[in-house]
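Just so it is clear: chains get the letters A, B, ... in the order the sequence lines come, proteins before strands, and each one is counted from 1. Reckoned from all heavy atoms, side chains included, excluding hydrogens, waters and symmetry mates.
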Amino acid sequence: MAKEITPRQQDYAQWYQDLVLRAGLADYSAVRGCMVIKPYGFAIWERMRDALDAMFKATGHQNAYFPLFIPKSFFSKEAAHVDGFAKECAVVTHYRLRTGSDGQIEVDPQAKLEEELIVRPTSETIIWNSYRDWIQSYRDLPLLINQWANVVRWEMRTRLFLRTTEFLWQEGHTAHATADEALVETRQMLDIYAHFAEKWMAMPVIKGIKTEQERFAGAVETFCIEALMQDGKALQAGTSHFLGQNFAKAFDVQFANAQGEREYVWATSWGVSTRLMGALIMAHSDDEGLVLPPVLAPVQVVIVPIYKGSDSIPVLTEACQQIAEECKALGLRVELDTEDHARPGWKFAHHELRGVPIRIALGLRDLQNGEVELARRDLRTKTQTTRDGLGLHCKNLLDEIQEEMYNKALAFRTAQTHRVDTKEEFVQKLEQGGLVLAHWDGTGATETAIKEATKATIRCIPLDAPDEEGTCVWTGKPSARRVVFAKAY
RNA sequence: CGGGGUGUAGCGCAGUCCGGUUAGCGUACACGUCUGGGGGGCGUGUGGUCGGAGGUUCGAAUCCUCUCACCCCGACCA
């Protein structure tokens with residue numbers, strides 16, 4: 001087990017990388033840009049997945065699975081969509097290997113595919129090709145489907161969890177009879193993402209609309225949730241798209257309405273990915289390691305006995321087991337660390353690295369006094385706590401930690417959010433990092449100019465942005481409301 | 001795709017400039033022992049195609065040529 005993590009202040013990117021590797025969340029693999037998600041990291045992802053999945057089901061969605069491979073011709077059917085993804089697609093051209101004359105394995109040139117297959121970067125096309133057959137009448141609508149899958153986008157530059165060539169995600173694809181209904185769906189899923197981010201991940205997000213430049217390829221409107229990381233950079237944590245009738249027209253998906261007239265259906269798609277893992281890490285963790293919100297932590301309470309001589313082992317182990325049982329009975333996820341080969345100090349550091357919210361240490365002295373030492377990961381505080389009612393105390397404390405982690409993150413964001421009205425201040429605040437609320441004249445040209453000059457982009461036009469007359473911070477032209485600028489991941 | 005960096009034990013590194021016994025150090029691992037309230041001490045031990053190929057040489061981790069891989073930074077993106 002490696003010891004040191006690079007401090008955040010010294011090198012934030014290195015800190016992130018150290019943390020992911022040393023906390024055992026993920027590892028590099030033999031394939032460039034592709035990561036191995038290790039058991040502990042996957043346990044966190046599973047908890048995210050299960051929570052989201054339950055919310056999707058509760059709102060009437062069903063899971064299904066569509067192929068990994070997409071015929072190349074499908075891509076060309078929606079022009080904007082092709083443009084958006086063409087540059088990062090992996091393509092399957094052959095289906096067989098053979099042993100060459102030099103004894104080496106090589107691609108069999110005889111086994112060339114008639115039509116090449118694209119490894120899905122997203123599944124709109126293959127799914128809408130099926131929807132054409134599934135939808136005939138308004139009675140078939142709405143069609144509410146989600147899939148959990150892997151996708152591949154051949155990125156130039158990758159970072160563990162934040163951007164990898166292959167990643168895991170869910171993608172919802174729905175079809176509706178009216179534009180209004182599809183828009184309601186788009187907004188509903190955005191709300192679910194925001195709710196998940198705030199209540200499960202303890203990470204405040206801004207709900208907003210993307211500008212035309214930042215919009216999903218093929219969407220009419222892209223909604224998003226944006227979060228602020230500790231280094232002052234923004235991170236898009238989830239997107240929900242209103243696709244209009246773009247894919248219905250591209251794949252000729254029509255339905256008969258109640259009057260017997262044929263209409264194109266209206267579509268949405270929405271997704272979050274393993275990128276959320278990166279967001280979770282960068283929202284809360286510190287120089288000692290991960291800090292996990294209790295509802296997502298695979299282990300919520302870890303119990304460490306402090307042995308003193310071999311005689312103490314059975315008695316302390318038993319006392320710890322009782323605490324573990326008490327916690328389990330209350331539905332807490334608890335781990336009893338009775339490994340004899342590691343010393344307490346090592347265990348403390350180890351569980352802190354992994355972000356376990358509560359640590360209970362119990363030695364002979366505590367046993368005599370009817371106490372335990374209880375440590376909070378988020379604040380790194382230790383308090384002597386009475387043994388009586390310890391399970392319930394932990395349960396309540398976990399709720400408190402969840403709440404306080406959110407409040408802390410919110411306070412950080414508030415402190416790092418600046419309203420600016422002059423160009424000088426705008427540039428200066430963007431340089432410092434954080435979110436900048438400023439007026440924008442609404443043109444792509446200005447957006448591009450700002451990006452080139454400052455490297456910051458418009459993260460979103462917040463849904464709750466009040467109407468406020470002003471002038472564009474860059475051009476001085478009139479503006480109706482403020483938008484969120486930031487440097488982003 | 002440009003710029004930079006790194007490949008030597010599971011991990012982190014030294015040695016390379018200036019070629020020379022059996023390639024070291026830390027950590028991890030195994031065993032023993034003393035231990036145990038913040039990443040333990042002592043002892044013993046296991047573990048290496050020095051990224052790969054070719055060349056120079058009496059002799060290559062070290063020099064030369066080619067090559068592969070990965071990481072970081074930038075442009076593109078979730």
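Note on A:Thr239: nothing from the nucleic acid sits closer than 4.0 angstrom, heavy atoms only. Within the nucleic acid shown, A:Ala13 comes within 4.0 Å of sugar-phosphate atoms alone, with no base atom in reach, counting heavy atoms only. At a threshold of 4.0 angstrom between heavy atoms, the contacts of A:Gln236 are confined to the sugar-phosphate backbone, with no base atom among them. Among the heavy atoms of the strands lying under 4.0 Å from A:Leu162 is at least one base atom, whether or not backbone atoms are also near. Using a 4.0 Å heavy-atom distance criterion, A:Leu364 is classed as a base contact. In this structure, A:Arg359 reaches the bases: a heavy-atom distance under 4.0 Å links it to at least one base atom across the strands shown.
With a cut-off of 3.5 Å on both pairing distances, the Watson-Crick and G-U wobble pairs of RNA chain B assemble into stems of 3 or more at B:1-7 with B:68-74, B:10-13 with B:24-27, B:29-34 with B:40-45, B:51-55 with B:63-67.
For the C1' atoms, the distance from B:rG20 to B:rG59 is 7 Å, rounded to whole Å.
A straight line from CZ of A:Arg343 to P of B:rC34 spans 14 Å, rounded to a whole angstrom. Atom NE2 of A:His351 is separated from atom C1' of B:rG37 by 15 Å (rounded to the nearest Å).
Of the candidates B:rG38, B:rA75, B:rC77, B:rG38 carries the atom nearest the A:Glu352 side chain, counting heavy atoms from C-beta on.
In terms of position on RNA chain B, the residue among A:Glu88 and A:Gln14 whose nearest nucleotide sits closer to the 5' end is A:Gln14. Between A:Gly84 and A:Gly309, it is A:Gly309 whose nearest contact on RNA chain B lies nearer the 5' terminus.
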Between N or O atoms, less than 3.5 Å apart, protein on one side and nucleotides 68-71 of chain B on the other: list the pairs.
from   : atom 1 : to      : atom 2 : distance (Å)
B:rC70 : OP1    : A:Arg32 : N      : 2.9
B:rC70 : OP2    : A:Arg32 : NH1    : 2.7

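Under 4.0 Å is where a charged nitrogen must lie from a carboxylate oxygen, and between A:Lys207 and A:Asp191 at least one such pair does. By the 4.0 Å N-to-carboxylate-O rule, A:Asp286 lies close enough to A:Arg377 to be salt-bridged with it. Salt-bridge annotation for A:Asp53 and A:Lys57: present, with a side-chain N of the basic residue lying under 4.0 Å from a carboxylate O of the acidic one. Between A:Lys210 and A:Glu226 there is a salt bridge, since a side-chain N of the basic residue sits under 4.0 Å from a carboxylate O of the acidic one.
Among all heavy-atom pairs drawn from A:Ser285 and A:Val291, the shortest one is OG-N, 3.1 Å. A:Met229 and A:Tyr12 get closest at one heavy-atom pair: CB-OH, 4.4 Å.
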Show me the side-chain donor-acceptor pairs of residues 275-284 of chain A shorter than 3.5 Å, one per line, residues at least two apart or across chains.
from     : atom 1 : to       : atom 2 : distance (Å)
A:Arg275 : NE     : A:Leu162 : O      : 3.1
A:Arg275 : NH1    : A:Gln236 : O      : 3.2
A:His284 : NE2    : A:Met201 : O      : 2.7
A:His284 : NE2    : A:Ala202 : O      : 3.3

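For the segment residues 210-226 of chain A, no residue has any heavy atom less than 4.0 angstrom from an atom of RNA chain B.
No side-chain donor from either of A:Gln322 and A:Glu326 sits under 3.5 Å from a side-chain acceptor of the other.
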Take A:Arg359 and A:Glu352 through the test salt bridge (Lys or Arg N to Asp or Glu O under 4.0 Å) and record every step on the way to the result.
CA-CA 9 Å; A:Arg359 181 187 72 233; A:Glu352 275 169 14; 3.1 Å; yes
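For A:Gln428, there are no side-chain hydrogen bond (donor to acceptor under 3.5 Å, both in side chains) partners two or more places apart in sequence or in a different chain.
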Reading 5' to 3' through nucleotides 41-47 of chain B, protein heavy-atom contacts under 4.0 Å coded B for base, S for sugar-phosphate only, - for none
-------
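Scanning atom types as modelled, one donor and one acceptor separated by under 3.5 angstrom connect the side chain of A:Lys382 and the base of B:rG38. For A:Arg163 against B:rC77, a side-chain-to-base donor-acceptor contact under 3.5 Å is present.
Under a cut-off of 6.0 angstrom, the local environment of CH2 in A:Trp148 is crowded, with over 12 non-hydrogen atoms contributed by other residues, nucleotides or ligands.
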